[in-house]
Amino acid sequence: MSSKTPYYITTAISYPNGKPHIGHAYELIATDAMARFQRLDGKDVFFLTGTDEHGQKMQQTARNEGITPEALAERNSNEFRAMGKLLNASNDDFIRTTEPRHHEASQEIWRRMEANGDIYKDSYAGWYSVRDEAYYAEDETEVRADGVRYGPQGTPVEWVEEESYFFKLSAYEDKLLKLYEDQPDFIGPNERRNEVISFVKSGLKDLSVSRTTFDWGIKVPGDEKHVMYVWVDALTNYVTATGYLTDQNGPRAKYWPADAHIIGKDIIRFHAVYWPAFLMSAGIPLPKRVYAHGFLLNKGEKMSKSLGNVVDPVNLVSHFGLDQVRFFFLREVSFGQDGSYSEEGIGTRINADLANGIGNLASRSLSMIAKNLEGKMPEPGPLTDADKAILATADEAIAICREEMGRQQIHKAVGAIMNIVNESDRYFAAQEPWVLRKTDVARMATVLYVTAEVVRQIAILFQPIMPDSAAKLLDLVAVPEEKRSFVYLGEAGRLAPGTELPAPAPVFPRYIAPEADKA
RNA sequence: GGCGGGGUAGCUCAGUUGGUGAGAGCGCAGGAUUCAUAACCCUGAGGUCGGCGGUUCAAUUCCGCCCCCCGCUACCA
C-alpha cells in the first residue's frame, strides 16, 4: 500500500457510434497531461477513459450498417482504444459500459436511488418525431398550413405516451444550488458555472430515466421491459471503475470521489446537475470538480462533415508529430475556452516555441559543453546574481505549474515553463559564454552549468505535456530515470559535475510546410 | 424573450481593486551577434481599449443606454 494521496481524474466516456475525432483527442491529451502531472507530483493517480456504448443511437447506427450493436460497439471502442495508444495516453483503465462490472454498478446505483424514494413510474408524453427519434416540447413544434404539426428539424411529430420511470430531480433543486454555493469550485470554468446555476434556478423537472422503445441498454432492476436512460448508465461509469459500489474496501475504492471530471462544454449539464443529484440520492460522495473544456475550431469555424473541414487526429499526428500536436493544443488553447487551429498555426508554434525555443536552448548550451568541456558537466564556480536569478526562475516554476494545473489552467502552466525558456535565452545571450571561452573559461563553465541545469528543469516540467520529447531532453543532460519526478526539481536534483553527457542531438526539428499549394 | 460571456495593435489574445508612458506572441521593419536547429538578443511599429451619455480632479477600467458576436435556456448523446 502506498501512502500517497489518491488522485482520480476522468475524461468523459466517448460515444462510439463513429470514429474518434479531434475533439476526443483533445480531451484525452489534456486529461492525460493533468494525470501525468499529478503522478510526477507524487500522487497516487487513477486516470480513466472509455466508451459509452448503450442507447438509441448505437442501436440505430448498427441497424443502418446491418450489424449488431455489440459488433458496432466492439469495433469503434477499439478505435478509441487505439487512439489512446497513438496519443500516448496514460490511462490506468479503459472502461466500456457494456462490461458486466458496469451493468452491476448501474443497477446498484439505480436500486439505491429507488430505495431513497427518488424513482417512480409514470408515463412520459410529448410530441415525438419518428424520423428524429426525439421528443420535442410543445413550443418547439408548429402546426403548418397543411394541418400537420412539425418539429424543429422540419419533421412531422405525433403525440406519444410512453411508460417511463422518473427520477425526482425536482427535489434536488435547492440541494444543488447549495452545492454550487458551498463548493464554488465544483463547476469550472466560471461561465459554465453561471449557466448551470441559471439553469437550475429556472426550475427542475423530474427526469425520465428509462426507455421502452428500444432495448440496447442496461435493464432496470425488477422491470426488464425498461432499459435505463443512457445518461444514468453513462455517468455511473466513473464510480464503476473504482469498484466503490460493490466493495468499499476494494483496491480502487479509495479513488472515489473523483478529483476531476474533464468534459466538453456540451455535456456540462449532465455532469453538473444530473450526476450530483443521482449521487446525492444514492448516498454516494460527490466528485470534487467538473471542468468543461471548449471546442476546437478549424480556422475559427466549427468542424463539420458538410464543411469538409474535419481533421483526423491520426493524420494530424503523423504530419506534425505527437508531442508537437500535444504541445500545440495545450499551449495555444486556453483550456476551458474554444480554440482555433490551423496548419499554419501549428507549424508556427512548433518552430517558435519548440525548435527555436527549447530545442535551440538545449542545443546551444549542450554543444558548447561537448566542444569545450569534453562533454562533461562542469563544476560551477561562484554564482553571480544573474545565475541565481535564472535558477530561481526555474526553481519557482513548479509552484506556478502546481497552482495552474490544479485549476485546469494547463495553458498557463505551459506558459510558465515557456517563460523559463525565454528568460534562459536572454540570460545566455547576456552572459556570452562564447566570449568567455577565450577570456574566462571557469566563468564559461559556470554559465554552461547553469544553463544545462535549467534545461533539466524545463525538461522535467514538460514531461506531462510531451512525454517522449521531454525524456529525450532528460537523456541529453544524463538525468537517470528515477530522478525525473518533481521532487528532484530545484536544489534537490541539481546536475552532478563530472557527469558524462551523450552527444547532443536535436529533439525538436523545425517544421517545414510542404511546398504544395494552399487552397 | 431570459440568463451568461465577449467586443483591446494586421492576426490570436492578456490586462487594469479608476490615475505617471495600454501589454504579450505571431507577422513586419531596423540593429547587434555567431554558442546554437538561417536559430538567439536589442529596438520600433504609434491601436478613438465596440458606440453614445453619466459619475469623478481623473475612466479602457464604475453606472446607464445602444450595436454586434458567442454560449445556455432539459429528456440524441
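By convention in this document, chain letters (A, B, ...) are assigned in the order of the sequence lines, proteins followed by strands, and residues within each chain are numbered from 1.
- Out of rA77(B), rG71(B), rC40(B), the shortest distance to the side chain of D425(A) is found at rC40(B).
- Relative ring orientation between F278(A) and F167(A) is described as perpendicular, the plane-to-plane angle rising above 60° on a 0-90° scale split at 30° and 60°.
- Considering only the side chain of S198(A), rC3(B) comes nearest among rC3(B), rC35(B), rA74(B).
- Distance from the side chain of N356(A) is smallest to rA39(B) among rA74(B), rC76(B), rA39(B).
- Between rC35(B), rU37(B), rG71(B), one nucleotide has an atom nearer to the side chain of F508(A) than all others, and that is rU37(B).
- If you check every strand for non-hydrogen atoms under 4.0 Å, G359(A) touches a base.
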Below 3.5 Å, can you tabulate the donor-acceptor pairs from side chains in residues 184-193 of chain A to any protein atom, sequence neighbours excluded?
unit_1	atom_1	unit_2	atom_2	d
R192(A)	NH1	E195(A)	OE1	3.4
R192(A)	NH1	E195(A)	OE2	2.9
R193(A)	NE	P184(A)	O	3.4
R193(A)	NH2	Y180(A)	O	2.8

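- Residue contacts shown for Q59(A) are absent, as no nucleic acid heavy atom lies under 4.0 Å away.
- With rC75(B), rA74(B), rA36(B) as the choices, the nucleotide that has an atom nearest any side-chain atom of S363(A) turns out to be rA36(B).
- Residue contacts for G415(A): at a heavy-atom cut-off of 4.0 Å it reaches no nucleic acid atom on any strand shown.
- Remark: M83(A) CE to I22(A) CD1 distance equals 9.0 Å, nearest 0.5 Å.
- Listed nucleotides: rA77(B), rC35(B), rG71(B). Nearest to the side chain of W434(A): rC35(B).
- Taking a cutoff of 4.0 Å between a charged side-chain nitrogen and a carboxylate oxygen, D338(A) and K265(A) qualify as a salt bridge.
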